[in-house]
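As structure tokens, the structure follows; a few thoughts come after it.
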Amino acid sequence: MNIEQSGKNLILHGVKDFYISHTFDCGQCFRWDRLDSCSYIGVAMGKALKIRQIDDKLIFFDTNFNDYYDVWEKYLDLSRDYGKIKRVLSTNDSILAKSVRFGGGIHILRQDAWECMISFIVSSSNNIPRIKKIIASLAENFGGKIEYMGNVYHSFPAPQALAKLSLDELSVIRAGFRDKYILAAAKAVASGRLDIYGLDSLPLDKAKAKLLEIPGIGNKVADCILLYGLAKYECFPVDVWMKRIMEYYYFQSERKISDVVSFSREKFGSLSGFAQQYLFFYGRENKIGTSG
DNA sequence: CTGCAGGCCGGCG
DNA sequence: CGCCGGCCTGCA
């Protein structure tokens with residue numbers, strides 16, 4: 001992989017095991033919008049970015065080396081050897097082998113843990129279009145302005161910016177019953193009671209217990225925060241979709257969510273989170289479980 | 001118009 | 001413990 005500046009754009013050549021369409025459409029993030037078949041625009045880590053992929057070439061529009069190395073390389077997880085992960089997961093597992101072939105460009109984004117926490121609180125009993133709308137509204141109303149390529153975008157608001165709001169002020173984002181959870185989470189982080197960015201240095205069980213103290217965060221939401229925001233790759237978040245997908249491919253009958261989680265973590269070990277992403281993308285794109 | 005969406009919480013047996 | 005109804009809102 002080599003990188004060059006071309007005018008205002010940055011171009012990465014020789015990209016392997018990464019496709020933006022796989023990565024942005026496998027359910028882990030909510031702030032990227034598809035512009036056309038090979039381009040997306042989004043906001044992450046306080047920066048806006050338009051990105052285009054043509055085969056093994058990635059174009060970062062209006063970006064410099066500093067932003068690439070400080071922000072995007074880590075966020076997009078571009079320095080990890082996904083080829084190795086895919087080989088290990090594909091061994092002796094024909095379902096995963098197919099999933100990996102199908103969604104071979106998936107990366108697990110290293111998202112901001114705080115944004116991740118609020119995003120997955122919002123995801124509870126909700127659908128993706130509305131989740132995206134609520135998070136966009138949160139940023140537009142309470143986040144900072146970002147000027148980029150002649151347009152204005154908005155960063156995800158800081159904990160302090162949300163913690164000082166009343167329920168009434170927050171109601172503009174139309175989050176419904178989740179509004180009180182958002183405020184509680186913001187207050188916990190803003191006050192220092194929850195050191196969200198320090199959780200990655202704790203053992204998994206300790207970190208998870210801390211998250212579960214926040215109202216609105218249960219087992220599934222906690223696993224999402226740990227996996228997508230805190231790089232705890234042994235997590236295997238199971239929502240209703242993953243439950244159906246695992247039942248369809250591995251059990252051929254119904255299982256409790258807790259049993260699906262323990263089975264998967266036992267089977268996939270430290271690569272559980274990666275396995276979950278490949279299976280989720282494969283199952284959903286093949287419409288597994290869309291009607292029972 | 002009823003039903004329901006990428007869960008969580010609280011009450012009950 | 002496990003099970004189940006209710007929850008905001010928007011959209012089919």
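The chains referred to below are lettered A, B, ... by the order of the sequence lines, with proteins before strands, and numbering in each begins at 1. Small disclaimer: the values here were computed from a predicted structure and weren't measured.
- Across all strands shown, C:dC8 forms no Watson-Crick or G-U wobble pair with both distances under 3.5 Å.
- With contacts defined as side-chain heavy-atom distances shorter than 4.5 Å, the pair A:D77/A:R110 does not qualify.
- Regarding A:L212, its CG atom lies at a distance of 9 Å from the P atom of B:dC8, rounded to whole Å.
- Look at A:D25 and A:R284 and you find no salt bridge, because none of the NZ, NE, NH1 or NH2 atoms lies under 4.0 Å from a carboxylate O.
- Between the CZ atom of A:F120 and the C1' atom of B:dA5 there is a distance of 15 Å, given to the nearest Å.
- Of the candidate nucleotides C:dC3, B:dG6, B:dC9, B:dG6 has the atom nearest to the side chain of A:F280.
- Computed from coordinates, the A:I121 CD1 to B:dG6 P distance equals 18 Å when rounded to whole Å.
- A straight line from NZ of A:K256 to P of B:dG7 spans 19 Å, rounded to a whole angstrom.
- Computed from coordinates, the A:K220 NZ to B:dC8 C1' distance equals 12 Å when rounded to whole Å.
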Evaluate side-chain contact (heavy atoms from CB on, under 4.5 Å) for A:F102 paired with A:Y278, printing each intermediate quantity in order.
-> CA-CA 8 Å; A:F102 185 81; A:Y278 292 121; over 6 Å; no
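- Rounded to an integer number of Å, the gap from A:D259 CG to C:dG2 P is 10 Å.
- Side-chain atoms of A:S99 and A:R101 include no donor-acceptor pair closer than 3.5 Å.
- Separation of the C1' atoms belonging to C:dG2 and B:dG6 is 23 Å when rounded to the nearest angstrom.
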If a protein heavy atom is under 4.0 Å from the base, mark B; if only from the sugar-phosphate, S; if neither, -; do that for nucleotides 7-12 of chain C going 5' to 3'.
-> BBBSS-
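- Considering only residues two or more places apart in sequence or on other chains, A:F274 meets the ring-ring contact (aromatic ring centres under 6.0 Å, His included) condition with A:Y82, A:Y233.
- Residue-level contact check: A:P237 touches neither bases nor backbone, having no heavy atom under 4.0 Å from any strand.
- Backbone-only contact: A:G218 has heavy atoms under 4.0 Å from sugar-phosphate atoms and none from a base.
- Side chain A:S123 to base B:dG6: no donor-acceptor pair is found below 3.5 Å.
- At a cut-off of 3.5 Å, with distance as the only test, no side-chain donor of A:S6 or A:N9 sits close to an acceptor on the other residue.
- In this structure, the CD1 atom of A:I182 is 14 Å from the P atom of B:dC8, given to the nearest Å.
- Remark: B:dG6 base-pairs with no nucleotide; criterion is Watson-Crick or G-U wobble with both hydrogen-bond distances under 3.5 Å.
- Counting any heavy atom pair closer than 4.0 Å across all strands shown, A:N219 reaches sugar-phosphate atoms only and no base atom.
- Distance A:I225 CD1 to B:dG7 C1': 12 Å, rounded to the nearest Å.
- Under the 6.0 Å cut-off for aromatic ring centres, A:Y148 and A:F61 do not qualify, their centroids lying 6.0 Å or more apart.
- Going from the P atom of B:dC8 to that of C:dC11 covers 24 Å, rounded to whole Å.
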